[in-house]
Amino acid sequence: MSDSAGDDAGRRVYSPEAAHNFPDTKLNRVLEFIAADEEIQTYLEAQNVNAVDRMQYNDHGTKHIEIVRNRALCLYDLLKAGDVDFNGARQQGLAEEDESVIIALAATLHDVGHVVHRDQHAYYSIPLASDILDRILPEFYDVAESVRVKGEVLHAILCHHRSETPLTTEAGVIRVADALDMERGRSRIPYEHGGRGINTLSSQAISRVTLQEGETSPVMVEIAMTNAAGVYQVDNLLKAKLSDSGLEEQIRIVAVNTNENREQLVERIEL
């Protein structure tokens with residue numbers, strides 16, 4: 001995972017100082033709160049124990065959350081530039097500035113259920129995130145607003161799981177952003193432990209994921225891969241999560257084989 005502070009090429013990292021296509025003042029305050037909050041930061045570390053240390057599964061801790069939140073906010077920015085409607089906050093009578101807050105909080109807390117178990121973790125995330133939100137939201141909202149924001153955040157957390165269908169654009173963003181963390185660094189742990197299943201090998205083939213404004217849709221996701229095994233990752237992870245996200249018509253996926261030293265089974269495909 002090559003994301004780092006200041007590396008915003010290809011819309012990979014959200015920068016609070018940059019100009020955005022949405023009001024970002026409240027979002028930036030919330031992000032500062034999250035970064036300084038001991039409970040949240042401890043959860044992000046602890047949730048990796050079951051996934052990585054005990055199951056040798058892909059990273060689901062601090063780095064994964066950082067990447068998903070960055071991708072979610074960059075995706076949101078591009079969709080706003082494309083005049084895509086976000087119905088979650090709007091239908092709750094909340095302000096436009098609350099859309100990005102919902103997305104950021106859901107991205108931060110969507111995998112907290114891993115502290116209980118990897119299996120069915122989305123459902124365990126709900127009560128844990130609910131308790132955290134009860135503490136955070138009063139810092140930024142009154143009681144009525146807190147209830148409405150909390151409901152939208154929990155909906156987005158639940159719907160990052162493919163078993164549940166997002167009913168809001170905000171939730172759709174979280175669902176897709178979760179799948180955008182697919183670069184080879186994410187599969188380092190299972191690979192080093194001898195994992196050679198198709199999920200690990202296909203992730204090893206993905207070298208870079210970038211987001212950019214599309215020509216025929218608001219967003220184009222370009223995925224650079226070093227061999228054709230990456231197609232499995234793109235088709236079975238990203239495309240599957242894009243399906244029924246509500247964003248199928250807004251996001252175009254292009255996968256490119258960048259390996260020039262071998263016979264290329266896949267040059268460029270669109271999914």
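Fair warning: this is a prediction, and the values are worked out from it, not measured in the lab. Computed from heavy atoms alone, side chains included, the values below leave out hydrogens, waters and symmetry copies.
- Applying the 6.0 Å contact sphere to CD of E213 captures no more than 12 heavy atoms from other residues, nucleotides or ligands.
- In terms of heavy-atom proximity, S207 sits nearest to T226 at CB-CG2, 4.3 Å.
- The closest donor-acceptor contact from the side chain of E139 to the backbone of R135 lies at 3.5 Å or more, if one exists at all.
- Side-chain contact between L79 and P218 is present, with heavy atoms from C-beta onward closer than 4.5 Å.
- Within the 4.5 Å cutoff, side-chain heavy atoms of V234 are placed close to those of I206.
- Within the 6.0 Å centre-distance limit, the rings of F86 and Y76 are counted as a close aromatic pair.
- Listed for the R175 side chain is a donor-acceptor partner under 3.5 Å among the backbone atoms of E164.
- Distance OG1/T62 to CD1/I67: 11.0 Å, rounded to 0.5 Å.
- Judged by distance alone, with hydrogens and angles left aside, the side-chain atoms of R252 form no donor-acceptor pair with the main-chain N or O of S217 at under 3.5 Å.
- Side-chain contact between Y141 and R148: absent, with no pair of heavy atoms (C-beta onward) separated by less than 4.5 Å.
- With respect to the salt-bridge test (charged N to carboxylate O, under 4.0 angstrom), the residues R29 and E32 do not qualify.
- In terms of heavy-atom proximity, I126 sits nearest to L154 at CD1-O, 3.4 Å.
- Of the inter-residue distances, the one linking L167 atom CG with E152 atom CD reads 9.0 Å to the nearest 0.5 angstrom.
- Taking 4.5 Å as the limit, every side-chain heavy atom of D98 sits out of range of all side-chain heavy atoms of Q92.
- A pairwise comparison of heavy atoms in C74 and L211 identifies CB-CD1, 4.1 Å as the closest pair.
- For the pair N50 (side chain) and R118 (backbone), a donor-acceptor distance under 3.5 Å is absent.
- Between S125 and V112, the shortest heavy-atom contact is OG-N, 3.5 Å.
- Although no hydrogens or angles enter the test, the distance criterion places no donor-acceptor pair under 3.5 Å between the side chain of S243 and the main chain of K239.
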- Run the side-chain hydrogen bond (donor to acceptor under 3.5 Å, both in side chains) check on Y14 and N28 step by step: do they pass? CA-CA 10 Å; Y14 171 79; N28 293 335; 2.7 Å; yes
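- Applying the side chain to side chain contact (heavy atoms under 4.5 Å, CB included) test between H110 and each of H60, H160, R69, H121 identifies H160 as the sole match.
- Under the 3.5 Å distance criterion, the side-chain polar atoms of D77 are left unmatched by any main-chain donor or acceptor of L73.
- A distance-only check finds no donor-acceptor pair linking the side chain of D181 to the backbone of D178 [under 3.5 Å].
- No side-chain heavy atom of I103 sits less than 4.5 Å from a side-chain heavy atom of L75.
- A donor-acceptor distance shorter than 3.5 angstrom exists from the side chain of R12 to the backbone of V209, with no hydrogens or angles considered.
- Hydrophobic cluster membership differs between V68 and L133, with clusters built from Ile, Leu, Val, Met, Phe, Trp and Tyr side chains linked at under 4.5 angstrom.
- When all heavy atoms are compared, the tightest approach of I157 to A129 is CD1-CB, 3.7 Å.
- A distance of 3.5 Å separates CG in L238 from CD1 in I253, rounded to the nearest 0.5 Å.
- Residues V115 and V49 have side chains not in contact (no heavy-atom distance under 4.5 Å, counting atoms from C-beta outward).
- Nearest approach of S100 to L27, heavy atoms of both residues: OG-CB, 3.5 Å.
- A salt bridge is absent between K26 and E145; no separation between the charged side-chain nitrogens and carboxylate oxygens falls under 4.0 Å.
- With E170 contributing its side chain and I102 its backbone, the two residues share no donor-acceptor pair below 3.5 Å.
- H20 contributes a side-chain N or O that, together with a main-chain N or O of S15, makes up a donor-acceptor pair within less than 3.5 Å.
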